[in-house]
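A short worksheet on the structure shown next.
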Amino acid sequence: MSTSALTEIIERYRGKPGSLIPALQKAQAEMGYLSGETLEQISTGLGIPFSRVFGVATFYSQFYLSPRGKHTIKVCVGTACHVRGAGAALQALEEKLGVKAGNPTEDLNFQLETVACLGTCFLAPAIMIDKDYYGEQTPKTVGKILKKYIGGGADAGTPDPEE
Amino acid sequence: MARFKTFKDIAKYREKLNKERDSEATAIRVCMTGCRAKGADAFSESLKAELKKRGLEKKFKVIETGCHGFCSMSPVAVVEPGNIFYGNLKPEDAEEIVEETVVNGRTVERLLFADPATQEKIVKEKEIPFYSHQKRLVLKNCGVVDPREIDDYICRGGYAAFSKALETMKPEEVVEEILKSGLRGRGGAGFPTGLKWRFANKERSDKKFLVCNADEGDPGAFMDRAVLEGDPHAVLEGMLIGAYAIGADEGYIYVRAEYPIAIAHLNIALKQMEELGLLGRNILGAKFSFDLHIKEGAGAFVCGEETALMASIEGKRGTPRVRPPFPIQSGLWGHPTCINNVETLANVAAIIENGSDWYASMGTEKSKGTKVFALAGMIRNTGLVEAPMGMTLREIIFEVGGGIPNGKKFKAALTGGPSGGCIPEQFLDLPIDYDSLAKVGAIMGSGGLIIMDESTCVVDIAKYFMTFTQSESCGKCVPCRMGTKRMLELLERITDGKGTMEDLALLEETADIVKDTSLCGLGQTAPNPVITTLKYFRDEYLAHIEQKKCPALKCKALLTYTVAEDKCKKCHKCAESCPANAISGQKKEIHKIDQAKCVKCGMCHTVCPFDAIELS
């Protein structure tokens with residue numbers, strides 16, 4: 001993140017009560033994850049001990065302390081999805097991507113995550129890739145969906161210039 | 001836009017709006033919240049383009065609403081007048097709807113709801129069994145108004161209750177009215193809202209806070225999300241009335257960051273309230289001032305617990321603390337703080353408007369009004385259901401929910417998510433309220449209602465919830481931190497076929513200790529799924545332990561995988577996927593699984609395109 005963007009965030013929240021979490025959220029939105037350096041700057045900037053900043057950043061599941069894959073896959077493992085077979089879909093994704101949930105793929109194209117509930121129980125089992133929902137997933141369907149996001153497919157955001 | 005300076009201004013503004021609006025005008029109400037996941041936005045765009053093409057966009061309005069509730073028919077839309085319900089909509093359906101329904105006044109048969117039993121088509125939304133058994137009080141505007149338009153809410157009587165309270169009632173009278181109505185907290189525990197408000201009202205302090213708890217974390221529950229997305233002003237009006245009643249001048253809405261549409265709609269709503277003078281200093285010219293902030297959660301289930309929630313608002317790790325002092329005595333930054341759930345607050349305006357007697361006439365002796373349930377799992381009509389307290393589980397599952405799909409048998413219902421319990425078949429006729437659910441060991445909870453059929457393994461479900469609570473335990477107190485971990489390990493041993501009777505005894509003992517000694521509600525209720533499944537389905541635990549069998553064929557380690565020779569198409573996919581090289585046979589040969597080598601990972605069953613791998 002550019003120093004000016006971070007400085008701006010710090011200026012916005014300095015001295016305001018309860019501002020550490022929103023400051024971390026904004027900083028992460030800027031650069032994708034919170035590096036040790038970012039945390040230190042926030043600590044100094046807001047005048048909050050580093051131990052507390054680190055404590056908060058590691059407590060909440062929304063904060064990431066390492067770089068993440070480009071496309072985030074959220075596999076819903078909520079109760080409704082669980083009873084309808086989310087486990088099998090997750091296992092298939094882990095095998096296809098070669099990573100366990102909670103990690104980026106080696107090429108940093110995907111980030112595989114599980115979430116407790118996407119709130120779309122009528123799609124169970126549901127997965128969400130970036131902002132798009134995919135319902136009624138089975139080990140057979142997840143593979144097809146992944147293809148859309150590999151090598152700059154139609155829905156894969158910025159096309160790969162090498163292609 | 002007008003700015004309200006006196007009590008009369010709201011009523012005058014409503015009158016003006018209603019005069020301008022033609023109530024008979026044709027309109028189509030398209031769900032644009034939950035249904036977005038199934039392409040409602042593409043349908044809505046296509047509908048608008050089609051109307052524009054024919055020059056009908058002024059005569060015929062597309063209203064983009066919140067959740068209609070009938071999620072399994074998603075995307076849905078209702079055409080008015082006529083109350084015509086269309087479901088499973090695709091962008092290409094727009095042209096036919098405009099041609100047939102808008103221009104010619106006919107219904108499009110193929111888009112109507114068909115009764116699963118008789119295949120008979122039902123035209124009107126209100127006559128579909130899913131809706132006809134419900135009582136929609138909290139959800140009355142959801143799916144009807146455009147949640148981004150405060151005018152829509154005001155047209156339908158919005159902010160009349162707030163204005164009435166401010167003009168004609170003392171704060172204490174508001175408190176008594178809510179107390180008399182019998183409204184109880186909808187977050188799960190069911191504490192009388194009026195009593196909480198009375199305590200808050202009596203606290204002497206120059207600063208008090210009112211907080212709306214919208215940290216809906218129970219997996220499988222989406223009631224609060226639907227209300228915030230579909231009718232945010234109902235909650236906000238409830239907050240204004242509550243703040244006036246307890247004497248708070250500042251409020252927070254603590255909402256999950258995972259709910260981006262709810263946050264967006266709340267932000268719009270707050271801006272409109274500020275513009276109209278419904279927030280800020282001396283609202284409606286009265287001696288009442290109120291400021292409201294939105295606080296986004298950062299992903300921690302425990303933050304639904306009120307002391308953890310306050311720590312999170314203060315920017316700290318969201319861990320609970322010992323009560324007393326209760327938040328009402330010492331809450332945010334040491335000031336008295338009253339915390340109410342979304343659905344609780346959404347009930348308030350209607351009670352003030354229609355009186356406590358009206359509200360108390362609905363429901364059972366000790367549970368009044370209605371409850372919104374998120375109905376999901378092995379059920380035909382997944383969706384949002386508002387039922388009067390006291391409706392039986394049978395009515396909710398089989399009348400409203402349409403029963404269990406695929407000819408399967410009902411096994412149990414789960415209420416209250418990871419804090420709740422399971423309710424077996426013998427209690428299907430139980431009238432649902434706070435007390436009857438507590439009697440059978442379950443809890444009302446926030447309203448998640450997950451249905452399980454005979455293919456669901458209760459030990460697996462208990463393990464599932466324990467996995468959840470164990471990972472969400474904040475780690476502050478020992479019983480919850482260690483106890484949930486140990487219980488999970490015991491459950492894993494049982495589902496892996498390594499469990500003993502001693503493990504079962506230890507599991508029961510640990511469950512009791514964690515329940516009795518944990519610091520907050522998360523730990524105190526975490527053993528509930530284990531305790532209730534053991535109470536009602538002990539046989540299934542014993543089958544896992546003594547016979548090393550999973551009767552529902554869910555626990556992989558206890559299954560035997562074999563190839564059904566009549567179904568095998570000799571494609572070799574199973575052998576390729578097997579990590580243990582336990583499958584013999586080449587392409588064009590019937591395959592065989594070597595049971596001695598099989599590690600029971602289930603991959604062959606997963607990859608087989610012909611369902612030829614059988615489980616026993």
Side-chain angles (χ1 to χ4, degrees), chain A residues 13 16-26 28-29 46 48 52-64 74 76-89 91-92 95 114-124 126 128 131-136 138-140 143, chain B residues 34 36-38 71-72 74 216-222 225-226 257-259 295-301 303 312-319 332-333 374-378 382-383 414 417-418 448 450-453 455-456 460-461 464-465 467-468 472 474 577 601-603 605-607 609:
Chain A
Y13 289 106
K16 287 198 186 148
S19 59
L20 176 56
I21 293 172
L24 290 172
Q25 282 169 330
K26 293 283 179 313
Q28 181 167 282
L46 295 180
I48 297 172
R52 239 194 87 199
V53 175
F54 189 74
V56 168
T58 50
F59 182 83
Y60 295 99
S61 61
Q62 219 183 63
F63 296 126
Y64 312 116
K74 291 181 185 163
C76 181
V77 291
T79 323
C81 288
H82 177 77
V83 299
R84 286 200 186 181
Q91 194 189 349
E95 267 155 32
T114 59
V115 289
C117 189
L118 288 172
T120 55
C121 304
F122 56 104
L123 294 175
M128 191 176 184
K131 301 248 167 200
D132 292 317
Y133 294 90
Y134 299 94
E136 285 146 35
T138 65
K140 284 159 203 156
Chain B
R36 268 195 225 180
K38 273 205 162 177
C71 304
S72 52
S74 165
E216 184 173 56
D218 163 7
F222 49 96
R225 162 183 152 149
E258 289 88 341
Y259 287 177
K295 205 82 178 178
E296 286 181 37
F301 176 67
C303 287
S312 184
I313 291 180
E314 291 177 359
K316 300 176 190 153
R317 287 164 72 93
T319 54
L332 283 174
W333 295 287
L375 190 58
M378 300 307 198
T382 301
L414 289 154
I450 309 277
I451 308 304
M452 309 195 300
D453 68 13
S455 71
T456 324
D460 175 65
I461 288 293
Y464 164 78
F465 280 128
T467 312
F468 179 82
E472 291 295 340
C474 79
S577 76
C601 69
M603 263 324 276
H605 179 246
T606 305
V607 298

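Numbers restart at 1 for each chain; the letters A, B, ... are given by sequence-line order, proteins then strands.
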Subject >> Pairs of heavy atoms under 4.5 Å with chain A: top-ranked of B/Ala300, B/Gly220, B/Ala376, B/Ala37 >> reply: B/Ala37
Original post:
A/Gln25 side chain to B/Gly297 main-chain N or O, any donor-acceptor pair under 3.5 Å?
Top reply: yes
Subject >> Polar side-chain atom of A/Tyr133 near backbone of B/Lys38 as donor-acceptor pair, under 3.5 Å >> reply: no
Original post:
Say you draw a straight line from OG1 of A/Thr120 to CZ of B/Phe222; how long is it, rounded to the nearest 0.5 Å?
Top reply: 8.5 Å
Original post:
For the side chain of B/Thr456 and the backbone of A/Val83, is there at least one donor-acceptor N/O pair under 3.5 Å apart?
Top reply: no
Original post:
Out of A/Thr79, A/Val56, A/Val115, which one racks up the most heavy-atom pairs below 4.5 Å with chain B?
Top reply: A/Thr79
Original post:
How long is the span from the SG atom in A/Cys117 to the CZ atom in B/Phe301, to the nearest 0.5 Å?
Top reply: 11.5 Å
Subject >> B/Thr319, part contacting chain A, at a heavy-atom distance under 4.5 Å >> reply: both
Subject >> Among A/Thr138, A/Leu24, A/Val53, A/Val77, residue most engaged with chain B (heavy-atom pairs, under 4.5 Å) >> reply: A/Val77
Original post:
Quick one: CG on A/Leu123 to OG1 on B/Thr382, what's the gap to the nearest 0.5 Å?
Top reply: 9.5 Å
Subject >> Closest-packed option against chain A by number of heavy-atom pairs under 4.5 Å, given B/Glu314, B/Lys316, B/Glu296 >> reply: B/Lys316
Original post:
chain B heavy atoms under 4.5 Å from A/Ala124: which part of the residue, side chain, backbone, both or neither?
Top reply: neither
Original post:
Hey, mind stepping through A/Thr58 and B/Arg317 against side-chain contact (heavy atoms from CB on, under 4.5 Å) and telling me if it holds?
Top reply: CA-CA 9 Å; A/Thr58 50; B/Arg317 287 164 72 93; 3.9 Å; yes
Original post:
Measuring heavy-atom distances to chain A, does B/Pro609 have an atom under 4.5 Å in its side chain, in its backbone, in both, or in neither?
Top reply: backbone
Original post:
Can you say whether A/Ile48 sits under 4.5 Å from chain B via the side chain, the backbone, both, or neither, judging by heavy atoms?
Top reply: neither
Original post:
Quick check: are there more than 12 heavy atoms from other residues, nucleotides or ligands sitting under 6.0 Å from CZ of A/Phe54?
Top reply: no
Subject >> Interface moiety of A/Arg84 toward chain B, non-hydrogen atoms closer than 4.5 Å >> reply: both
**OP:** Quick one: which of B/Asp460, B/Leu414, B/Ile313 has the most heavy-atom pairs under 4.5 Å with chain A, could you say?
**Re:** B/Asp460
Subject >> Residue selection (most heavy-atom pairs with chain A, distance under 4.5 Å) from B/Arg36, B/Glu216, B/Lys295, B/Glu258 >> reply: B/Lys295
